[in-house]
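What follows is a single structure, written as structure tokens, with notes after it.
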Amino acid sequence: MNEPVRRTGSGLEFYEVDGKHKALVDLETHVVTSKKQRDAYRRKKELEELGIQGRTRSFVLCFHDPIRALMGRLTLDEMGALIKLLPYLKYGEAGDLVHQGKRMDKAAIGKAIGKKQRQTAAILSKLTKEGALIAKKEGRKSVYAVAKEIHTMGEAGGNMFTKLFQTYAKKQLEKLTTQQAGVLYALLPFFHYRDYILAVNPNETDDDLIEPMNIEEVGKMLGISKASAYRHIGALTREGIMLETRAYGVSTFYVNPDFMFRATRGNEFT
DNA sequence: ATAGCCATGCATGATAATCA
DNA sequence: TGATTATCATGCATGGCTAT
């Protein structure tokens, strides 16, 4: 399994052999994972989830259905701004956004999402209008909270969700433009619950029936050009947030489980 | 605190070029 | 040949400034 049988002139390409098939794999940009490795990885993640092993990391629950609904109503910039704010969500009923001990106002949010006042105001106005954020007057300025129907650090209440790890996400999201972050946000409900594959049917229980989503489909779903889809997915892959594997001419994308994580226990799915 | 003005820079979509 | 990337014109965002 996975024996490199030929090294090509470009240095990093191998033939992977699995019985009767062969595939070209560029080991500089792709990984080769055996089923054994994959299963071991799953077990490790399950243990981590049960708290048996690994550090506890704070995470935000991201509910799939509301996010899918927002996808058609928000621009990439707006969705990117929203996901960039999630690391600042503070534990508690209200969904308050807090930075350095203070609830975040327009200026603090502008800094967090990397926009200047005019765009920040426009984005906040739209996110508030669409019900993703809730503005509250505090003195003469507004402070913001995230709608608990979309994101919470509390109970899931039987809805389907993906966890977003705050510390790692913050570090990674800072490297992304709001557009790139927006693509990630829109794709969040489309990573398979067990294999982390970007899929059209991310809740499919039979491995053989999982349909990977390709870049063109991502572009269509988001209403952006193929060229832009390639640029955005490429950026996410280069940052290590997504991983690309290629076999038999078909690319499959995975999300880095350090970034987001879907529970595997039955009671957390519908 | 917010918004208009305007030159400049950057992201975008269409499409051509290149890659494997 | 289909997938991916480069090119380029266009339009939106920004910075610096001023005005409410």
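Below, chains carry the letters A, B, ... as their sequence lines are ordered, and counting in each starts from 1. Worth knowing before you read on, the calculation uses all heavy atoms, side chains too, and leaves out hydrogens, waters and symmetry mates.
The residue from K163(A), K148(A), M153(A) that alone fulfils the side-chain contact (heavy atoms from CB on, under 4.5 Å) condition with L61(A) is K163(A).
Sorted by residue number, the members of residues 111-127 of chain A with any non-hydrogen atom under 4.0 Å from DNA chain C read K115(A), K116(A), R118(A), Q119(A).
A 6.0 Å sphere centred on NZ of K175(A) holds more than 12 heavy atoms belonging to other residues, nucleotides or ligands.
Remark on DNA chain B: of its neighbouring residues L76(A) and K137(A), the 5'-side contact belongs to K137(A), judged by nearest-heavy-atom nucleotide.
Between E244(A) and R246(A) there is a salt bridge, since a side-chain N of the basic residue sits under 4.0 Å from a carboxylate O of the acidic one. Salt-bridge check for E216(A) with K220(A): failed, with every basic side-chain N at 4.0 Å or more from each acidic carboxylate O.
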- request: Show the numbers, then the answer: is there a side-chain contact (heavy atoms from CB on, under 4.5 Å) between I67(A) and I150(A)?
  value: CA-CA 7 Å; I67(A) 291 173; I150(A) 308 175; 4.1 Å; yes
statement: In B/S/- notation (B base, S sugar-phosphate only, - none; protein heavy atoms under 4.0 Å), nucleotides 3-8 of chain C written 5' to 3' is SSB-B-
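Contacts of K141(A) with the nucleic acid, taken as non-hydrogen atoms under 4.0 Å apart, are absent.
The side chain to side chain donor-acceptor pair (under 3.5 Å) check on T167(A) picks up nothing, with sequence neighbours excluded.
Applying the salt bridge (charged side-chain N to carboxylate O under 4.0 Å, His left out) rule to pairs touching residues 103-112 of chain A yields D96(A)-R103(A), D105(A)-K141(A), sequence neighbours excluded. For residues 62-79 of chain A, the salt bridge (charged side-chain N to carboxylate O under 4.0 Å, His left out) pairs, not counting sequence neighbours, are R73(A)-E130(A), D77(A)-K115(A), E78(A)-K126(A).
Between H151(A) and Y185(A), the ring planes lie tilted relative to each other; the angle falls in the 30° to 60° range.
For R194(A) (side chain) and T205(A) (main-chain N/O), a donor-acceptor pair under 3.5 Å exists by modelled atom type.
End-to-end axis angle of the helix from dA1(B)-dT20(C) to dA20(B)-dT1(C), using five pairs per end and rounding to 10°, comes to 40°.
For dT12(B), the OP1/OP2 oxygens have a side-chain nitrogen or oxygen of H232(A) closer than 4.0 Å.
Computed from coordinates, the K220(A) NZ to dG13(B) P distance equals 15 Å when rounded to whole Å.
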